[in-house]
Amino acid sequence: MEEEHNSNEKENALCGRSLTAASRDGGGRMPAAPLAQGKVERGKVYSGDGVLGYLEMLEAQAHELGLKQEEKEQQEKKLDRLKARVQELRARRDELRAKVELQEKRLLDKEGVMADPAQPSAQTVLEWKVKSLKAMLQVFYLTGISGKLTKQGVCFCISTAYEGTYLDSYYVDLLIKPLVKIQRHSVPVFIPLEQIAKKYLQTDIRRFLSVLSDHLNAYVGRRHQADQLEEHFSDHIDGTLQRNSLCNLLVFNYTVSSNSKTFPFNVRLLYGDLCCSLPTEAIISCTPGTLPLLAEMAAAHSNAFRHMALHKAFDSLINAKESQN
């Protein structure tokens, strides 16, 4: 019995070694199934890396959009503060104007000019003009207009800006004796200075400077918008932006993609009010016979151009188009 038991143990040991040997492929390697499983697992890891990379890209894009949105909100807050400051300064200007007018009236009553307006003395009139100009300098300082008295009159400096950005300054040198007239100036030739002077200079210098300032600020505002459009959106504009010297006529082309097709649009902006930096007409035409959707899109673009600064309107249109795509 003991010999039989030992014989069985030897056979079992031999069978175990045979099975172990059979599980290897001649070169002592394990069967291919675990290796195949390893390849699948490695494939899963590789796919995981691809998904993680895509998620990281989306996260970076979301972060960049968040930064842009935060910057835009900060700019809007800054613009709101500047608008509030402008309203405050305008209210202060109106208050000072009222005070100046009251002081002028009291001065005229005191010196007897109103008692005999047909026979004021030359000296009285000259002194009244000088005092009025001094008071005017103080008032206009808050509205971007400054000046200094000269031997023969006063030299005004009109500073222009658009949405809080300082742009250019223009000078007007006035003579006040015997009559008020323009001695020299740096106003562009296409600004209707002569017509404004003819209408207001002899009767209301404050009104003359205010209207001239409106013309100059509107002009530099239109020019600034056109410059911003060319600087930041040249990749989206076909050809060059066409404009005249006064920048009251702008023409340019851009394209819109829809359903894998590209449709060209032509824009013609007309500024009928020369004291305004926004167009009175925005004529947008597209290829005849195109989809009704494009006609609706052109109408929406026209409305944006008439109510927003040119570069801001175009930026909103581009962002809307990219979001739709």
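All of these numbers come straight from a predicted model, not from anything done at the bench. Here, residue 1 is the first one in the sequence, and each next residue gets the next number.
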message = Nearest 0.5 Å, please: how far is CG in L212 from CG in N217?
response = 9.5 Å

request  = Determine whether more than 12 heavy atoms belonging to other residues, nucleotides or ligands lie under 6.0 Å from atom CD of E59.
outcome  = no

remark   = Separation between NE2 (H224) and CG (L310), nearest 0.5 Å, reads 10.5 Å

request  = Kindly work out whether a path of hydrophobic side-chain contacts (I/L/V/M/F/W/Y, heavy atoms less than 4.5 Å apart) joins L270 to V251.
outcome  = yes

ask   = Do P188 and L216 come close enough that some side-chain heavy atom pair is under 4.5 Å?
value = yes

query = side-chain contact (heavy atoms from CB on, under 4.5 Å) with V187: which of V172, I158, I196?
reply = V172

query = Which heavy atom of A282 sits nearest a heavy atom of L269, and at what distance?
reply = CB-CD2, 3.6 Å

ask   = Is it true that a side-chain atom of N244 and a backbone atom of N248 form a donor plus acceptor pair closer than 3.5 Å?
value = yes

inquiry  = For the backbone of G221 and the side chain of S277, can you confirm whether one donor and one acceptor N or O come within less than 3.5 Å of each other?
reply    = no

request  = Would you mind reporting whether K199 and R207 have side-chain heavy atoms less than 4.5 Å apart?
outcome  = no

ask   = Does any non-hydrogen side-chain atom of L278 lie less than 4.5 Å from one of M308?
value = no

ask   = In terms of hydrophobic clusters joined by side-chain contacts under 4.5 Å, are L229 and I283 together?
value = no

Any F156 side-chain heavy atom under 4.5 Å of L174 side chain = yes

request  = Take L209 and Y200 through the side chain to side chain contact (heavy atoms under 4.5 Å, CB included) test and state the conclusion after the steps.
outcome  = CA-CA 9 Å; L209 292 172; Y200 300 110; over 6 Å; no

message = I need the minimum non-hydrogen distance between Y166 and D168, along with the two atoms involved.
response = OH-C, 3.8 Å

query = Would you call the rings of F265 and Y254 parallel, tilted or perpendicular if under 30° counts as parallel and over 60° as perpendicular?
reply = parallel

inquiry  = For a 4.5 angstrom cut-off between non-hydrogen side-chain atoms, does I182 reach F208?
reply    = yes

request  = Report the distance from atom NZ of K148 to atom CG of D173, rounding to the nearest 0.5 Å.
outcome  = 9.5 Å

request  = Only pairs at least two apart or in different chains count here, so list each ring-ring contact (aromatic ring centres under 6.0 Å, His included) that has a residue in residues 170-196.
outcome  = F190-Y219

inquiry  = Pair L175, V180 - check side chain to side chain contact (heavy atoms under 4.5 Å, CB included), show working.
reply    = CA-CA 5 Å; L175 299 178; V180 181; over 6 Å; no

request  = Measure up the F305 and F314 rings against each other and bin them: parallel (under 30°), tilted (30 to 60°), perpendicular (over 60°).
outcome  = parallel

inquiry  = For D273 versus T280, what's the shortest heavy-atom pair and its separation?
reply    = N-CG2, 3.8 Å

ask   = Only one of Q228, Q225, E163 clears side-chain contact (heavy atoms from CB on, under 4.5 Å) with K312; which?
value = E163

task = Indicate the atoms forming the closest heavy-atom contact of Y162 with A309, along with that distance.
result = OH-CB, 3.4 Å

inquiry  = Measuring from atom CG of L249 to atom CZ of R243, what distance do you get when rounded to the nearest 0.5 angstrom?
reply    = 12.0 Å

request  = Could you tell me which residues satisfy side-chain hydrogen bond (donor to acceptor under 3.5 Å, both in side chains) with N303, sequence neighbours excluded, listed by chain and number?
outcome  = H307

inquiry  = As an exercise, state the distance from NE2 of H301 to OG of S316, rounded to the nearest 0.5 Å.
reply    = 8.0 Å

task = Decide yes or no on side chain to side chain contact (heavy atoms under 4.5 Å, CB included) for E231 and H311, but give the supporting numbers first.
result = CA-CA 10 Å; E231 179 179 351; H311 54 291; over 6 Å; no

Residues 63-87 side chain polar contacts: donor-acceptor under 3.5 Å, at least two apart:
| from | atom 1 | to | atom 2 | distance (Å) |
| --- | --- | --- | --- | --- |
| Q69 | NE2 | E73 | OE2 | 3.4 |
| R85 | NH1 | E88 | OE1 | 3.4 |
| R85 | NH1 | E88 | OE2 | 3.1 |

request  = Please check if the side chain of R222 supplies one atom and the backbone of C276 the other of a donor-acceptor pair under 3.5 Å.
outcome  = yes

query = For S213, does its backbone N or O pair with a side-chain atom of T160 as donor and acceptor, under 3.5 Å?
reply = no

